[in-house]
Amino acid sequence: MGSEGPKTVTVHVTGFKKFQGVAENPTEIMVNNLKAFVEKRGLPAEITLGSFTVLETAGDGALPLLYKTLESSISKTGAMSNDQVVWLHFGVNSGAPKFAIERQAVNEATFLCPDELGWQPQQQPIVPQDGGTSRVRETCCSVDAIVKFLKKKGHDVSISNDAGRFVCNYVYYHSMRFAEEKGYKSLFVHVPPFSRIDEETQMQFVASLLEAIASTC
């Protein structure tokens, strides 16, 4: 049995570095600035920010740091803690006009261009022991409730059932698989470039998203 008391949510956040066609990745800037932003703005008492990690925009190349982050978050939280743990991942969709909460990831790596380390898999299962490329993992987070919360806050956001087949989907699949094994949660969010939605608005969105996670977890 865990310790009694109110349940809190610890959120560990990741973004990505630059990649082909995106010289400045907004998620890197957002992750690096998030701690200072929420310290000024404030967060609900039941939510705590854990780690802030910027990953290489690479499939296998992102995994060592990703898994180090995931394992570290578990060791810091502790098996007997009353905390819920959520791994919150951000990626950029260069053509998107609004935010998208990703409901699922598919066990398929088909990169339309090489990642930042030159890898370009085609119709390859991300985790072969999970079976074929049609295997889908769905987040345990309440996507519908999160989007409803965000829309009430005035944010232009929708639910997506396709995270693509590039690095975002690749990382999300690994994260959800790990989360399911540990009894925690994983969520991926695609954001537009700053040229479509400015940095301040996006930071306000992330703060509202953290509130949504706290209220729905």
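The residues of the chain are indexed from 1 along the displayed sequence. Only heavy atoms go into these numbers, but all of them, side chains included; no hydrogens, no water, no symmetry mates.
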Over all heavy atoms of both residues, which pair between Q84 and K185 is shortest? Give the atoms and the distance, please. NE2-CE, 3.8 Å
Work out which heavy atom in G91 is nearest to a heavy atom in C168; give both atom names and the distance. CA-SG, 4.0 Å
Pick out which of E24, E56, E116, E28 makes a salt bridge (Lys or Arg N to Asp or Glu O under 4.0 Å) with K17. E56
Check whether any side-chain heavy atom of T14 sits under 4.5 Å from a side-chain heavy atom of W87, and report yes or no. no
Return the CG to OG distance between N93 and S160, rounded to the nearest 0.5 Å. 8.5 Å
Compare all side-chain heavy atoms of H89 with those of S186 and state whether any distance is below 4.5 angstrom. yes
Taking Q104 for the side chain and N161 for the main chain, is one N or O donor matched with an acceptor at less than 3.5 Å? yes
Taking all non-hydrogen atoms of both residues into account, name the closest pair between A96 and P192 and its distance. O-CB, 3.2 Å
Could you walk me through whether F205 and V189 pass side chain to side chain contact (heavy atoms under 4.5 Å, CB included), step by step? CA-CA 11 Å; F205 168 81; V189 179; 3.9 Å; yes
Looking only at non-hydrogen atoms, find the nearest pair between T69 and S51 and report the distance. CG2-OG, 3.6 Å
Distance col, row Y67:OH vs S175:OG, nearest 0.5 angstrom, shows 8.0 Å
Got a sec: does the CD of Q123 have more than 12 other heavy atoms crowding it under 6.0 Å? no
Least distance between heavy atoms, T27 atom then V92 atom: CG2-N, 3.9 Å
Heavy-atom closest pair (I126 atom, V106 atom, distance to 0.1 Å) is CD1-O, 3.3 Å
Could you check, using the six-membered ring where one of them is a Trp, whether H174 and Y170 have ring centers closer than 6.0 angstrom? yes
Output the distance between atom CE (M203) and atom CG (D198), rounded to the nearest 0.5 Å. 11.5 Å
Taking L117 as the starting point, is it possible to reach V171 by hopping between hydrophobic residues whose side chains are less than 4.5 Å apart? no
Do D115 and D60 come close enough that some side-chain heavy atom pair is under 4.5 Å? no
Spacing of F188 atom CZ and I101 atom CD1 [to the nearest 0.5 Å]: 11.0 Å
Taking C-beta and beyond as the side chain, do Y172 and T139 meet within less than 4.5 Å on heavy atoms? yes
With a 4.5 Å limit on heavy-atom distance, are the side chains of V13 and F90 in contact? yes
Within the side chain of Q202, is there an N or O that forms a donor-acceptor pair under 3.5 Å with the backbone of I197? yes
With sequence neighbours excluded, what pairs up with R135 under the side-chain contact (heavy atoms from CB on, under 4.5 Å) test? N107, D130, R137, Y173
Side-chain touch F194/M30, heavy atoms, less than 4.5 angstrom: yes
To the nearest 0.5 Å, what is the distance between CD (E71) and CG (L66)? 10.0 Å
I'd like to check V206 versus V191 (side-chain heavy atoms, cut-off strictly below 4.5 Å). Are they in contact? no
Side-chain donor/acceptor pairs under 3.5 Å, residues 140-157, sequence neighbours excluded:
unit_1, atom_1, unit_2, atom_2, d
D144, OD2, R103, NH1, 3.3
K153, NZ, E211, OE1, 3.4
H155, NE2, S208, OG, 3.0

Quick one: does V31's side chain get under 4.5 Å of F16's, heavy atoms only? no
Rounded to the nearest 0.5 Å, what's the gap from OG1 on T10 to OH on Y184? Could you check? 9.0 Å
